[in-house]
Amino acid sequence: MPNHLFDAIRNALPAPEATFIETQAGHVWTYGDMLDLSARLANVLVERGVGPGDRVAVQVEKSAEALMLYLACLRCGAIYLPLNTGYTVAELDYFFNDAKPAVVVASPANADKLAKTVRDCGALLETLNDEGGGSLMERAKDASSVFSDVERGADDLAAILYTSGTTGRSKGAMLSHGNLLSNALTLRNVWRFTATDRLIHALPIFHTHGLFVAVNVTLISGASMFLLPKFDPHQIVARFDAATVLMGVPTFYVRLAQDERVNRESTAHMRLFISGSAPLLSETHQTFREKTGHAILERYGMTETNMNTSNPYEGDRIAGTVGFPLPGVDIRVVDMETGAALAPGETGMLEVKGPNVFRGYWNMPEKTKAEFRDDGYFITGDLGQIDERGYVHIVGRGKDLVISGGYNIYPKEIETEIDQVEGVVESAVIGVPHKDFGEGVTAVVVARPGFAPDEAGILAFLGERLARYKLPKRILFVDELPRNTMGKVQKNILRERYAHLYD
Ligand code: MCA
Ligand code: AMP
């Protein structure tokens, strides 16, 4: 039966014996293996009661099997819900209760810890580890490798990805088969992917970048990838000779640019280095180019929209810009207050419309409505301008968000937790320039006289509740926070005051 995204993947299939994935340990998964295991896992999910439209929440270490599980969800019409491996039980509890998954797949090491919260939300718990073990793979061994793909159209949901958003708690961005397929095809074309490409995959697979941009583009090109567990410069450099493309966040390139093994010779076989998820400093672009001769191609996207813009494959890749709107994607710059369109060179809110734009936030029709204009444009929360040549520049954020090493951190979430610590009057969390992570999460805290909550104590408290990447790199104590006449905390003043904290 027609299955919008998976049929397109089938159409792009090279020979069954062609390599899809080579793991760090050198294990090869062919496209035939992909069809076989994704069918078995789809049968297991159906046998566990997963029907079309049911959510399958997944918090597992990166592995080829985890990618097969994503594909199994596509095939059986389930909605794949990947979760950051760093999330604590408290954080997961929120996602499970909001998304009400039919099945939760966790690492065996976390199974006991999660059992209660999974049971309480009415889901079944299965396990999967990064060595091909766990209950799910046990069941897959006995399952049939024949599976009739469930019918799914362009508007049916393929995935829900939680995003910190601009206000309130995390929101589940609903992404359809059509959203994912249109973006994968567009990126394949603009980045000239073919079956001969081999991607170095060192990103996590629970976000748009590592999952959809990296994996869907590889699949839709019939290409292959080196699937590495995480960013490790040694492992990456060792694969330059056999690979063609690297996708990374700016922190990858900051680190690679400092690595003496990275030079013209070692990168000669590579055809493309792509960066996104956070601003790439011009300085990093320049240094990398001087060392390797490669101009990093920067692109811009969001969980809600997939990719929106890209610097050109041929033509000038201009540092400090995110390139042109992708084919089929409309971008405009509007006045933040009136919504009126602005002229080239003027700075305003970036708004996006196209087949890439999501179907709304899960269970939040009001929030969804608030983020779209009446004529269908999605309000990104990013401030930018489009220059005379049509290049999009992102010049800031209209949303209170910190991006650290490509991960989004929502200050309000951290502030709410810090404010619960005994002796804390109030706090403000900001991002300030950080050479490695781009922005360093920094907390500015006002303590009650006589109380002395210290940095270590607050960090220990937060560590129980929040994923570690969200924890402030520094906590600073002040007598009071700067406020404007309306009483609003002036984070811009704090950002200026601490601009050189991490120099
Ligand atoms: C790890 N740590 C971090 C981060 N990563 N702290 C702040 N920001 C981070 N990004 C902390 C860990 O908790 C740990 O602290 C310590 O740093 C070392 O951890 P380790 O795992 O060794 O870190 P690493 O391997 O050096 O990781 C840095 C990294 C990684 C390679 C930059 O964070 C990464 O792969 N980031 C990619 C994120 C990504 O895929 N974003 C795409 C989102 P402790 O010792 O205290 O525990 S999708 C998106 O944004 C849109 C759609 C788009 O446009 O793509
Ligand atoms: P997320 O919520 O994880 O999808 O993050 C999306 C946000 O990351 C965007 O709204 C931008 O603020 C930021 N972003 C992604 N790519 C870039 C880029 N190339 N340059 C600047 N910001 C970016």
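As the structure lists them, so they are numbered: ligands from 1, and atoms in each ligand from 1.
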S.K.: Centre of Tyr162's six-membered ring, under 6.0 Å away, within 45 degrees of the axis: is that where NZ or CZ of Arg55 sits?
M.R.: no
S.K.: For atom 13 (O) of ligand 1, find the nearest protein heavy atom and state the residue, atom name and distance (0.1 Å precision).
M.R.: Arg468 CB, 3.4 Å
S.K.: Please say whether Tyr300 places an N or O atom under 3.5 Å from an N or O atom belonging to ligand 2.
M.R.: no
S.K.: What residue and atom, counting heavy atoms only, is the protein's closest point to atom 36 (N) of ligand 1, and at what distance?
M.R.: Gly405 O, 3.0 Å
S.K.: Ignoring hydrogens, just give me the one of Gly210, Ala214, Ser277, Gly248 whose non-hydrogen atom is nearest atom 50 (O) of ligand 1.
M.R.: Ser277
S.K.: So, does Lys473 sit close enough to ligand 1 that a heavy atom of it is under 4.0 Å from the ligand?
M.R.: yes
S.K.: How close does the nearest protein non-hydrogen atom get to atom 41 (N) of ligand 1, and which residue and atom is it?
M.R.: Gly406 O, 2.9 Å
S.K.: So is Ser275 polar-close to ligand 2, meaning N/O to N/O under 3.5 Å?
M.R.: no
S.K.: Would you mind telling me if ligand 1 is within reach of the side chain of Arg255, the backbone, both or neither, using heavy atoms under 4.0 Å?
M.R.: side chain
S.K.: Could you tell me if Tyr300 and Asn311 have a donor-acceptor pair between their side chains, going purely by distance under 3.5 Å?
M.R.: no
S.K.: Going by the closest heavy atom to atom 52 (C) of ligand 1, which one wins out of Arg299, His209, Met302?
M.R.: Met302
S.K.: Quick one: does His207 get within less than 4.0 Å of ligand 2, heavy atoms only?
M.R.: no
S.K.: Strictly by modelled atom types, are His285 and Arg317 linked by a side-chain donor-acceptor pair under 3.5 Å?
M.R.: no
S.K.: With rounding to the nearest 0.5 angstrom, report the CZ to CD distance, Arg397 to Glu439.
M.R.: 4.5 Å
S.K.: Would you say Ala278 contacts ligand 2, with heavy atoms under 4.0 Å as the rule?
M.R.: yes
S.K.: To which protein heavy atom is atom 20 (P) of ligand 1 closest, and what is the distance rounded to 0.1 Å?
M.R.: Lys230 NZ, 4.0 Å
S.K.: Below 4.0 Å from any atom of ligand 2, is there a heavy atom belonging to Thr208?
M.R.: no
S.K.: Mark the output for Glu304 as yes if a heavy-atom distance to ligand 2 is under 4.0 Å, and as no if none is.
M.R.: no
S.K.: Give the numbers and elements of all ligand 1 atoms closer than 4.0 Å to a heavy atom of Ser404.
M.R.: 7 (C), 8 (N), 9 (C), 10 (N)
S.K.: Run the contact test for Gly276 against ligand 1 with a 4.0 Å cut-off on heavy atoms, strictly below, and give the result.
M.R.: no
S.K.: Can you list the atoms of ligand 1 that are under 4.0 Å from a heavy atom of Leu203?
M.R.: 40 (O)
S.K.: Quick one about Ser427 and Asp419 (side-chain donor to acceptor, distance below 3.5 Å, no hydrogens or angles considered), yes or no?
M.R.: yes
S.K.: Tell me the protein heavy atom at minimum distance from atom 3 (C) of ligand 1, and give that distance in Å.
M.R.: Phe437 CZ, 3.6 Å
